[in-house]
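The figures that follow rest on heavy atoms only: side chains count, while hydrogens, waters and symmetry mates do not. Numbering starts at 1 and runs along the sequence shown. Source: prediction; values computed, not measured.
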Amino acid sequence: MDSVIKVLVVDDHKLFAQGVVSLLSSEPDIVVTDVASSAEEGLRLVRSALPHTVLLDINLPDSCGVDIIAKIKQIDPDIGIVMLTGLSPLGHIDASLAQGASGFLLKDCTKEEMITAIRKAAKGEGYFSQSMAPYLKEELVRTPQQDSHDDKMASLTLREVEIFNLVVTGLRSKEIAENLRITKRTVDFHIGNILLKLEAKSRMEIVLNYKKD
């Protein structure tokens, strides 16, 4: 990743989009390259600008933002995607994570939360604004029961359990590799097996469903 994080804002609310541009203008390591007001325009700008992070509104005039996450990932799988919504995100959280989104921000989030989400997404990490907590709890109520979790966990090897425990603490593959003194490639291989066995679509889903309070 370059030293400066390139951000694309995809939101049809011009006042909000302009506010984001103004908000981020004081950050030396973040630059908003473009603002798109539709899914079609957003995808075109993703191809031309190749941003590090996309701030993507769920409700766009020509598409649901969730529906273009996979298309963005096809262009460049390393692009971080942070979903934006001014309404209830219920029903969109799991779908967004499954498609590859890095996190969620409600539009009433603080400047610090938005900056943190952008930086984390650019590094392949996830982030949820604090105001998302009530919605996350409701989403988790609909996840498999603990006994089902236990059955799936029982299928993991000792090494996979070791790596799983580090994943849920938020460590990245490189950090896990350094911790266990193995290669990053080996870590990614085991994480792939863990995702399959736990029937999870992403590392973020593992964190949400299995992390203890």
Side-chain angles (χ1 to χ4, degrees), residues 1-136 139 201-202 204:
M1 186 187 74
D2 300 337
S3 56
V4 175
I5 300 171
K6 296 188 296 183
V7 176
L8 168 64
V9 180
V10 184
D11 194 305
D12 64 320
H13 295 90
K14 293 183 179 180
L15 192 60
F16 176 81
Q18 290 170 359
V20 170
V21 174
S22 176
L23 197 72
L24 299 176
S25 62
S26 61
E27 299 303 311
D29 63 328
I30 297 174
V31 59
V32 177
T33 59
D34 296 282
V35 174
S37 58
S38 68
E40 182 180 1
E41 184 183 12
L43 288 171
R44 178 175 59 79
L45 290 172
V46 167
R47 294 188 188 95
S48 61
L50 290 178
H52 299 111
T53 299
V54 176
L55 294 179
L56 179 60
D57 190 13
I58 289 179
N59 297 301
L60 296 169
D62 58 341
S63 175
C64 174
V66 177
D67 294 336
I68 68 168
I69 295 174
K71 295 177 181 178
I72 293 173
K73 289 292 186 178
Q74 286 175 354
I75 296 170
D76 184 346
D78 291 330
I79 293 175
I81 302 173
V82 178
M83 306 305 291
L84 295 167
T85 182
L87 305 172
S88 169
L90 286 177
H92 296 293
I93 299 173
D94 285 345
S96 297
L97 293 175
Q99 293 297 318
S102 302
F104 253 96
L105 291 175
L106 294 184
K107 288 187 176 181
D108 63 355
C109 69
T110 65
K111 174 183 177 180
E112 289 72 22
E113 287 181 315
M114 180 171 289
I115 292 170
T116 298
I118 289 170
R119 290 174 178 158
K120 282 184 172 291
K123 294 189 294 183
E125 300 173 4
Y127 183 82
F128 290 86
S129 60
Q130 292 183 7
S131 51
M132 283 287 298
Y135 302 107
L136 290 175
E139 286 283 307
K201 300 287 194 309
S202 66
M204 181 60 69

(message) Applying side chain to side chain contact (heavy atoms under 4.5 Å, CB included) to R119 and T53, what does each step give before you reach the verdict?
(response) CA-CA 8 Å; R119 290 174 178 158; T53 299; over 6 Å; no

(request) State, to 0.1 Å, how close L23 and M114 come at their nearest heavy-atom pair, and which atoms those are. (result) CD2-SD, 4.0 Å

(request) Quick one: list whatever passes side chain to side chain contact (heavy atoms under 4.5 Å, CB included) with D78, sequence neighbours left out. (result) D76

(message) Between T85 and L106, is there a side-chain heavy-atom distance shorter than 4.5 Å?
(response) yes

May I have the list of side-chain donor-acceptor pairs in residues 67-75 shorter than 3.5 Å, sequence neighbours left out?
| from | atom 1 | to | atom 2 | distance (Å) |
| --- | --- | --- | --- | --- |
| K73 | NZ | P77 | O | 3.2 |
| K73 | NZ | I79 | O | 2.7 |

(message) Does anything in residues 101-114 form a salt bridge (charged side-chain N to carboxylate O under 4.0 Å, His left out)? List the pairs, not counting sequence neighbours.
(response) D11-K107, E27-K111, D57-K107

(request) Using the test side chain to side chain contact (heavy atoms under 4.5 Å, CB included), find all partners of A49 that sit at least two apart in sequence or belong to another chain. (result) T33, D34, P51

(request) Taking the side chain as every heavy atom from C-beta outward, state whether S3 and D29 have any atom pair closer than 4.5 Å. (result) no

(request) Looking only at non-hydrogen atoms, find the nearest pair between G80 and S102 and report the distance. (result) CA-OG, 3.7 Å

(request) Name all residues meeting the side chain to side chain contact (heavy atoms under 4.5 Å, CB included) criterion together with R44; count only those two or more places apart in sequence or in a different chain, and write none if there are none. (result) E41

(message) Does any part of the side chain of L105, heavy atoms only, come nearer than 4.5 Å to the side chain of Y127, both counted from C-beta?
(response) yes

(message) Ignoring hydrogens, what is the shortest heavy-atom contact between A121 and V82? Give both atom names and the distance.
(response) CB-CG2, 3.7 Å

(request) Specify the closest pair of heavy atoms between P28 and V4, including all atoms of both residues, with the distance to one decimal. (result) O-CG2, 4.2 Å

(request) For residues L24 and I118, determine if any side-chain heavy atom of one lies less than 4.5 Å from a side-chain heavy atom of the other. (result) yes

(message) Once rounded to the nearest 0.5 Å, what's the spacing between atom CG of L84 and atom CD1 of I58?
(response) 8.5 Å

(message) I need the F104 CZ to I81 CD1 distance, nearest 0.5 Å.
(response) 11.5 Å

(request) Might you point out which heavy atoms bring A101 and M83 nearest each other, and give the distance in Å? (result) CB-CG, 4.0 Å

(message) Is there a side-chain contact between V35 and K14 in this structure, where contact means two heavy atoms from C-beta onward sitting under 4.5 Å apart?
(response) no

(request) Using atom types as modelled and distance alone, determine if a side-chain donor or acceptor of S22 lies under 3.5 Å from a backbone N or O of G19. (result) no

(request) Please name the residue in the list L60, L43, V46 that meets the side chain to side chain contact (heavy atoms under 4.5 Å, CB included) test with V10. (result) L60

(request) Using side chain to side chain contact (heavy atoms under 4.5 Å, CB included) as the criterion, list what pairs up with P61, not counting sequence neighbours. (result) D12, S38

